[in-house]
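Worksheet: the structure to be examined is printed underneath.
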Amino acid sequence: MKMIRRAAIAALVVALAAGLPASANKGKTGADKSDVLGNWSFQTKPYRQGQCVMTGTMSLTPHPEAGLYNCELTAVEMCSMWGRSVVRQSCEARRSGDQVSIRSTIEEMLESKAEGLIYVPDNFSLTVQSHERMFGALVSAVTAPVEFRRAADGIS
């Protein structure tokens with residue numbers, strides 16, 4: 001009788017474990033670090049001898065190809081020597097492990113800085129730190145450290 005009971009319990013445990021998603025077998029550590037889809041805000045450290053800083057927003061959406069994301073970003077560059085530029089850009093984000101590479105194309109200059117200056121697309125090289133944070137570098141006309149934070153979704 002004990003043998004039958006042990007076998008039934010073992011079968012029940014195996015059946016329950018098989019029905020659980022893989023993440024349920026791991027410790028609950030919060031949101032999935034690999035999930036980078038959604039809305040992000042970003043800010044660089046000051047660059048050009050402390051005269052410029054860039055802030056902005058980015059949205060990552062699904063792409064049919066694994067490891068690839070569609071994205072759109074709006075960058076706001078504020079420089080004491082020539083003012084503010086606001087640029088809407090389309091982009092493609094490629095993920096490999098914890099590394100995210102973002103390559104942008106300028107779609108529209110919403111607000112332009114001084115005459116004669118050329119705005120270069122804003123590319124980023126990032127490392128996923130957590131579900132809510134990515135850190136890396138702006139790689140454009142200049143290079144500067146940048147931090148991306150998951151945007152807080154409010155109720156409108």
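Heavy-atom basis, side chains included; hydrogens, waters and symmetry copies ignored.
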Once you round to the nearest 0.5 Å, how far does [atom1] of [X] lie from [atom2] of [Y]?
| X | Y | atom1 | atom2 | answer |
| --- | --- | --- | --- | --- |
| S104 | E92 | OG | CD | 10.5 Å |
| F42 | D122 | CZ | CG | 6.5 Å |
| S90 | E108 | OG | CD | 11.5 Å |
| N123 | R103 | CG | CZ | 4.5 Å |

For this session: Quick one: do Q51 and C79 satisfy side chain to side chain contact (heavy atoms under 4.5 Å, CB included)? Show the steps, please.
Result: CA-CA 5 Å; Q51 296 184 61; C79 294; 5.5 Å; no
Exercise. Between the side chain of N39 and the main-chain N/O of S59, is any donor-acceptor distance below 3.5 Å?
Worked result: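 The answer is no, because no donor-acceptor pair under 3.5 Å joins these two groups.
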Exercise. Applying the side chain to side chain contact (heavy atoms under 4.5 Å, CB included) test to F148, which of E132, Q129, M58 qualifies?
Worked result: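 Exactly one pass, corresponding to M58.
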For this session: Identify which one of T61, L37, I102 satisfies the side chain to side chain contact (heavy atoms under 4.5 Å, CB included) criterion when paired with Y69.
Result: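 With Y69 as partner, side chain to side chain contact (heavy atoms under 4.5 Å, CB included) holds for just one option, L37.
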Exercise. Mind checking who shares a hydrophobic cluster with V139, ILVMFWY linked at side-chain heavy-atom distances under 4.5 Å?
Worked result: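 When side chains under 4.5 Å apart are linked, V139 ends up in no cluster with other residues.
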Exercise. If you look only at pairs with a residue in residues 41-67, which of them pass as a salt bridge (Lys or Arg N to Asp or Glu O under 4.0 Å), with sequence neighbours excluded?
Worked result: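 Listed by first then second residue: E65-R94.
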Shortest non-hydrogen contact between [X] and [Y], atoms and distance:
| X | Y | result |
| --- | --- | --- |
| V120 | S140 | O-OG, 3.4 Å |
| R133 | W40 | N-CZ3, 3.8 Å |
| R95 | V100 | CD-CG2, 3.6 Å |
| L138 | V146 | N-CG1, 3.8 Å |

For this session: Apply side chain to side chain contact (heavy atoms under 4.5 Å, CB included) to T127 and Q99, showing your working.
Result: CA-CA 5 Å; T127 300; Q99 303 302 304; 3.3 Å; yes
Determine all donor-acceptor pairs shorter than 3.5 Å in which one atom belongs to a side chain in residues 71-78; sequence neighbours excluded.
residue : atom : partner : partner atom : Å
E77     : OE1  : K113    : NZ           : 3.2
E77     : OE2  : Y47     : OH           : 2.6

Problem set entry | Common cluster, Y119/V142, ILVMFWY with side-chain heavy-atom separation under 4.5 Å |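 Yes: a chain of side-chain contacts under 4.5 Å links Y119 to V142.
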For this session: Say whether I106 and F124 are linked into one hydrophobic cluster, either directly or through other cluster members, by side-chain heavy-atom distances under 4.5 angstrom.
Result: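 The answer is yes; both residues are in one hydrophobic cluster.
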For this session: For side chain to side chain contact (heavy atoms under 4.5 Å, CB included), just list the numbers for S130 and R150, CA-CA rounded to whole Å, side-chain angles, deciding distance to a tenth of an Å, and then say yes or no.
Result: CA-CA 10 Å; S130 71; R150 189 164 299 276; over 6 Å; no
For this session: Taking atom types as modelled, find out whether S85 and E111 have a side-chain donor-acceptor pair closer than 3.5 angstrom.
Result: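 Checked: S85/E111 side chains show no N/O donor-acceptor pair below 3.5 Å.
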